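Just below is one structure, and these are the notes that go with it.
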Amino acid sequence: MVRNRNIFPFLCAVGLALSAPVTMAEPAVEISGFFSIIGGKVLDGSLHGPMPDNEKVTCPCYIADYANFGVYDGAFSFAPESRIGLQAVAKLTDRLSVTAQVTARASNPQAQLQWAYATYVLSPEWDLQVGRKRIPLYFYSDFQDVGVVYPWVGLPPEIYGWEASNYNGVSVRKRTSVGDVYVNTSVFAGSEQLKDSRYMQSYGQQRTDIRWDRILGGDVELTKGALTVRAVAIRADTAFTDKDDAANDFGERMQAYGIAANLDLNHWFILSELASNARTNTSGPQTGLTITVPAVSLGMGYRSGAWTSFLNYSRYQELSSDATVLPDLDYRHVSLTVKYEVSPRSVIKAQVDRYWEPELPYSGAANVLRISYDRTF
Amino acid sequence: MRSSHILGAVLGLPLLWLAPAAQADIAVIVHAANPVQQLTSRQVAELYLGRSRTFTSGQYAQVVDQGIDDPVRSRFFKDISGMSIGQVTAFWSRLKFTGQVQPPQNLDGDSAVLEFVRRNPGAIGYVSATTLADARVKTVLVLRE
């Protein structure tokens, strides 16, 4: 990660400059990007949240973005989720290109190198990529920053709330058609290291090291007409180090699976995703403990002209193999979004969320209002 | 959703007076030396949605698109894929920002597209059929208005 550079204002300026329609003739380096300006607040609620008392947030609160500690409370704020990304693609030969994507966030304005990889086209159907990429964990994981693409203001954190979202490694992808079914499949392997994770800081642990080693995964996406189905499996060995208290250190073996099915019938569309991951502690004070995390998201939308309305339900559970050591959790979340397409590349959305935890220890609820302007350029 | 259709028809009726009398057919073109003689809508869609990199002959395709906000582009993608231009933008944004495929190059207007296809043996583009009278390019599909 590139750090210690506050480039959010700079990227915003570049983004605005590039938003003007420009057509370049056969560019050697193509610059493009996206931004999302998102504002919101917790309207009311009683939810303490799965977060300890924190000087930056006054609960009731709502964690919209776990990886970047994007949290709303009772004060209207643009900080938790607003972001901008710039991508540069340099085509070196007909088959070889290099790509870099830098993002900055209002909540964390230091530049983050999300993507930096080389692509080699092995054949018309096969690609090899080496470098730093997003982990293609669930359906929207590797383009979760590009708000124009999906109907929510922000993705359901019940499925997309992960501490690690990138990896350094290698991937191979094949894209082909079998009859009238389009098949897009990949395998990937690598590792990731996070220093002073904002995810862990949201739980009060400021100076940490998180490692995901031996990441190995694969996905297959099938498209036939209006139906797209994607399945993914991934495993990794994770290690957590608390630099302030070694007693908190632990290691885990993580396995995750997901299946998404999307049906787009022009006016009506359905987006669904089922995910499950299991983490077994392989070292540390809770060795042997397994936490199984099933999560589901189901949404239905209707689009008419420039307008789209979208209703979504999602649920996240943590089921512990020993509830006396770690209690089970159960979060549920309903959102209603209205989207207006200002232009093909820019949309305005308004979303209300109701998020609740019916069981102890964090029982309560929060109602949230968010508005957004998303654009690609 | 019958009521929304009725509402749409009522609201859209006045716009008929403003609609152009006729829209031109769209011609999908390749270089004259390209061995491909004809393409189906589905084959064109696969090239323009990044699902295929080659012509049926195996030759790599250099796909060029019209200007991002050009109305002919909306018609073209609706015809070959059924997708609105907003859906196409979302579709390509996913592929582009996840590094899967880079979208076709956008060129402003028929003359720029024609010139590109004339100069590049692997090129494919689309133009208004009324502007097409050029022995150096070949029409492989016509999308009727």
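Just so we're on the same page: letters track the sequence lines, and every chain starts at 1. Note that the structure is predicted; figures quoted are calculated from it, not measured.
At a 4.5 Å heavy-atom cutoff, Ser186(A) makes no contact with chain B through either its backbone or its side chain. With a 4.5 angstrom heavy-atom cutoff, Asp127(A) touches chain B only via side-chain atoms. For chain A, no part of Val88(B) is nearby; none of its heavy atoms comes within less than 4.5 Å. Of the atoms belonging to Tyr150(A), not a single heavy atom falls under 4.5 Å from chain B. With a 4.5 angstrom heavy-atom cutoff, Thr54(B) touches chain A only via side-chain atoms. Using a 4.5 Å cut-off between heavy atoms, Thr223(A) touches chain B through its side chain atoms alone. Heavy-atom distances place the side chain of Arg173(A), and not its backbone, under 4.5 Å from chain B.
Annotation: side chain of Asn184(A) is in contact with side chain of Gln100(B) (closest heavy-atom distance under 4.5 Å). Within the 4.5 Å cutoff, side-chain heavy atoms of Arg95(A) are placed close to those of Tyr60(B). Counting heavy atoms from C-beta on, the side chains of Phe97(B) and Thr376(A) come closer than 4.5 Å.
Between Trp115(A) atom CH2 and Thr98(B) atom OG1 the span is 5.5 Å, to the nearest 0.5 Å. To the nearest 0.5 Å, atom CZ of residue Arg53(B) and atom CZ of residue Arg175(A) are 4.5 Å apart. Note that OG1 of Thr99(A) is 11.5 Å distant from NZ of Lys96(B), once rounded to the nearest 0.5 Å.
The two residues Ser177(A) and Glu46(B) come nearest to each other via the heavy atoms OG-OE2, 3.4 Å. Here the closest non-hydrogen pair linking Arg42(B) and Gly179(A) is NH2-O, 2.7 Å.
When each of Asp145(A), Val146(A), Asp94(A) is checked for heavy-atom pairs under 4.5 Å with chain B, Val146(A) comes out on top.
Gln102(B) contributes no side-chain N or O that, together with a main-chain N or O of Val89(A), makes up a donor-acceptor pair within less than 3.5 Å.
Both the sub-6.0 Å distance and the 45° axial angle are satisfied by Arg94(B) relative to the ring of Phe139(A).
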